[in-house]
Structure formats: structure tokens, C-alpha cells
Amino acid sequence: MLELLALIATIFIPPLGVALKKGLSTDFWINLVLTLLFFVPGLIHAIYVNYLRGGSTAVA
């Protein structure tokens, strides 16, 4: 259920999706800036960070 919520958040509010999957890390802040500059770069970055790049996830 959390995966589905993270996917929906990634599509509609990219920084929230990154925060749900990775926490308030550097990836979140980069994504926030990209989304504020223009939505599409933030969306691409969020999909890359959450679903294409490997690595650890945030511990809830």
C-alpha cells in the first residue's frame, strides 16, 4: 500500500514521493529545487531516484 502511495505522490507531487521513499536527504532537496523551477525535471528526477537508481530506502 505504501508503494502505491509513493508512486501516486511521485507522479503528482515529486518532492513528496522522494521524501516518502528516501527521507529528507539531498535527493529530496535537489528534487524540490527542480520541481520549483519547472515540474517536468522534478518528475523525471523523482522517477529516476525512486525507481531506476538502486540504493537504500529510508527507514520508517
**Request:** Carefully, step by step, assess Asn50 and Lys22 under the rule side chain to side chain contact (heavy atoms under 4.5 Å, CB included).
**Result:** CA-CA 8 Å; Asn50 286 346; Lys22 304 293 182 179; 4.0 Å; yes

For this session: Determine, step by step, whether Val18 and Thr10 satisfy the side chain to side chain contact (heavy atoms under 4.5 Å, CB included) criterion, reporting the C-alpha distance in whole Å, the side-chain angles of both residues, the deciding distance to 0.1 Å, and the verdict.
Result: CA-CA 7 Å; Val18 173; Thr10 298; 5.9 Å; no

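In plain terms, the two heavy atoms of Gly23 and Phe28 that are nearest each other are O-CB, 3.7 Å. Here the closest heavy-atom approach between residue Phe39 and residue Phe12 is recorded as CE1-O, 3.7 Å.
To the nearest 0.5 angstrom, Leu5 atom CG is 7.0 Å from Met1 atom CE.
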Pairs of donor and acceptor atoms involving the side chains of residues 30-37, under 3.5 Å and at least two apart or interchain, shall be tabulated with distances.
from: Asn31; atom 1: OD1; to: Thr35; atom 2: OG1; distance (Å): 3.3
from: Asn31; atom 1: ND2; to: Gly42; atom 2: O; distance (Å): 2.7
from: Asn31; atom 1: ND2; to: His45; atom 2: ND1; distance (Å): 3.1
from: Thr35; atom 1: OG1; to: Asn31; atom 2: O; distance (Å): 2.8

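Linking Ile, Leu, Val, Met, Phe, Trp and Tyr whenever their side-chain heavy atoms come within less than 4.5 Å puts Ile11 and Ile13 in one cluster.
Here salt bridge (Lys or Arg N to Asp or Glu O under 4.0 Å) pairs that include residues 24-46, with residues two or more places apart or in two chains, are Asp27-Arg53.
If you chain together ILVMFWY residues whose side-chain heavy atoms come under 4.5 Å of each other, Ile44 ends up grouped with Phe38, Val40.
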